[in-house]
Structures are given as C-alpha cells and as structure tokens.
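Counting convention: from 1, in listed order, for ligands and their atoms alike. Note: hydrogens, waters and symmetry copies are ignored here, and every other heavy atom, side chains too, is used.
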Amino acid sequence: MNPLIITAAIVGAEVMREHTPFIPYTPAEIAAEAVRCREVGAAMVHVHGRRDDGAPTQDKQTFAQILSLIRAQSDVLVQFSTGGAVGMSVEERIEGLVLCPDMATLTTGTVNFGEDIFSNSLPTIRAIAARLKELGVRPEIEIFDTGMVDTALRLEGEGLLEGPLHFDFVLGVPGGMGARPENLDFLVAMIPADSTWSVAGMGRHELPLARRAIELGGHVRVGLEDNIFIEKGKLARGSWELVEKVADYAQEHGRALADPVTAAQLLKIG
Ligand code: KMH
Ligand code: ZN
C-alpha cells in the first residue's frame with residue numbers, strides 16, 4: 001500500500017485551555033508541538049492562529065511567526081486553515097495565504113457547527129479557491145457533508161480547482177455528516193478515482209476512523225483540534241500522542257509512514 005500521510009491538527013479554533021492544558025496558543029508553543037508531531041510520524045501540520053489568551057485569529061503576522069518558527073525547526077509540511085473560526089470574514093480567513101504555506105484548507109459548503117453555522121456560500125468558496133489558485137497554494141478540500149463533494153467537482157468544472165483533487169472528510173461534527181464507517185466508505189466511492197483523501201473523525205470517532213482509513217489506503221488527520229482524548233476519560237498529552245498512536249496502527253497494518261517529501265509528491269504539492 002501507499003505510504004500513510006499523517007496530518008496533525010494541532011491548534012484549531014475552538015479547543016481552549018479550560019478543555020485541555022495541552023492545547024498550544026502562542027506561535028512558539030504551536031511550533032514546538034509541530035516539531036513533536038513530526039518526530040513521531042506526522043508529515044504535515046494543520047494550523048490555526050491564536051492570540052496569547054487563546055482567542056482564535058487568522059492574522060497574517062501570527063501566521064508568519066508560526067510558519068517561520070516551524071520552518072526553522074522542522075521539515076514538516078505546513079497547512080493553514082482558511083476556515084478560521086465561526087463568524088470571521090472571508091478577508092480575515094485568507095489574509096495569511098500570501099505567506100504561501102505548503103497547503104491550505106477549502107471547505108466547499110455551509111454546515112451547522114454545534115450551535116453555530118460555519119458559513120461558506122458559493123461566492124465565498126469561489127473567492128478562496130481563486131486566491132489559492134492565484135498563489136499556487138494546493139487546496140485540501142474539507143468535506144463536512146456529502147454535497148460538498150459535488151460542489152468541489154463543480155468548482156473543478158469551473159476551472160477553480162485543478163485535479164487530481166485532495167479531500168479531507170471531516171466526520172462527526174454535530175450538524176455535519178456522522179462518523180459512521182459506512183459514511184466514509186460512501187464518500188470514498190464518490191470521489192474521482194485519481195483523488196487522494198484523508199479522514200478526520202471528531203472526538204471518540206477519531207482513532208477508529210483513522211484505523212479504517214489505514215485499511216482502505218487513505219490518509220489520516222488527528223490532533224487536539226478534533227479530539228482531546230487518547231482514551232476514554234484520559235487527555236492526550238498533546239497532538240503528538242495521537243499521532244504516535246496512528247503511527248502504531250500503521251505499523252501493525254504494514255503501512256510505512258510518508259515523510260514530508262513523499263507526502264508532497266503524493267499530494268501533488270509544488
Ligand atoms: N473552526 C471551524 C469553524 C478549517 O480549518 O478549514 C473551521 C475549521 C475548518 O476548522
Ligand atoms: Zn482547522
């Protein structure tokens with residue numbers, strides 16, 4: 001089987017110190033966590049910005065610090081969020097893209113997000129896709145529900161996305177598509193055959209879906225953004241501990257881990 005790409009979602013916009021003391025806030029803390037995740041097998045980190053008090057930000061200066069600190073210490077690929085936090089303007093969400101990270105997310109639809117709405121109208125999606133294309137930043141298409149795949153294919157038809165496409169199936173967000181294994185199977189069957197994909201299961205679904213992705217030949221995203229527990233009732237001591245667990249699963253299943261160079265080739269980055 002192809003080597004496994006592990007992406008570590010190390011920050012997010014919603015998990016706070018009240019939830020777990022291990023969530024990084026400052027650029028230095030985020031970079032240190034990125035280094036640890038790379039050391040135990042991650043090829044890429046997915047990052048959001050935070051202010052020192054933990055408030056989410058997509059501020060360009062913050063992303064510049066995160067990127068330069070990570071690049072100074074690690075070869076891990078860096079993927080920026082363009083989702084940011086619920087309620088942010090599109091301009092705010094994409095201002096860091098000018099720094100040209102290795103990859104950036106693109107959510108191709110609106111979804112209920114807990115009690116909130118993660119809003120991505122077609123004009124918003126087109127604007128983000130156009131900016132990614134203009135800067136040559138490879139998109140990871142975030143799929144929270146089935147119709148978002150159709151919208152991604154529509155944007156490919158419009159020339160705003162270039163195949164082969166790379167999808168991340170985000171399953172188990174309250175309001176989005178559930179994290180049942182058959183939902184993953186359905187999505188995998190739906191995407192063009194030349195696509196690559198990963199899965200990000202929320203909460204207790206994170207590690208079971210990681211196992212399934214390993215078996216199916218897909219890739220895996222884990223980290224405190226999506227799940228703070230390493231086992232029932234026990235906090236993960238960092239995203240690195242979740243990455244380590246997935247690396248163990250990969251070994252049990254006989255799948256090698258992709259390093260950042262291999263991951264960039266597989267994901268058609270650059
Ligand atoms: N924080 C969510 C509202 C992304 O990073 O692109 C959106 C999100 C998706 O996390
Ligand atoms: Zn994110």
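Looking at every heavy atom in both residues, Val220 comes nearest to Ala213 through CG2-CB, 3.9 Å. Smallest separation of non-hydrogen atoms from Thr108 and Ile125: C-CD1, 3.4 Å.
Ligand-side atoms of ligand 1 in range of Glu225: 10 (O), range being under 4.0 angstrom from any heavy atom. Interface atoms of ligand 1 facing His46, defined by a heavy-atom separation under 4.0 Å, are 5 (O). If you number the atoms of ligand 1 from 1 as listed, the ones under 4.0 Å from a heavy atom of Glu14 come out as 1 (N), 2 (C), 3 (C).
Side-chain contact, Ser198 with Asp168: a donor N or O sits under 3.5 Å from an acceptor N or O. Side chain to side chain, Glu95 and Gln58 fail the donor-acceptor criterion of an N or O pair below 3.5 Å. Donor-acceptor pairing under 3.5 Å is lacking for the side chains of Thr7 and His46.
At a cut-off of 2.8 Å, Glu142 is not counted among the residues with an N, O or S atom near the Zn ion (ligand 2).
By the rule that hydrophobic residues join a cluster once side-chain heavy atoms approach within less than 4.5 Å of another member, Leu97 and Val11 end up as members of separate clusters.
Among protein heavy atoms, the minimum distance from atom 6 (O) of ligand 1 is reached at Thr105 OG1, 2.6 Å. Nearest non-hydrogen protein atom to atom 4 (C) of ligand 1 is Ser81 OG, 3.3 Å. Closest to atom 8 (C) of ligand 1, if we only count protein heavy atoms, is His48 CE1, 4.0 Å.
The NE2 atom of His46 and the OE2 atom of Glu225 meet at the Zn ion (ligand 2) at an angle of about 120°, given to 10°.
Ion pairing of Glu140 with Lys268 is absent here, as no side-chain N (NZ or NE/NH1/NH2) approaches a carboxylate O to less than 4.0 Å.
Where the criterion is an N or O separation shorter than 3.5 Å, residue side chain and backbone included, Gly83 meets it with respect to ligand 1. For a threshold of 3.5 Å applied to N or O pairs, the pair formed by Gly84 and ligand 1 contains at least one separation below that value.
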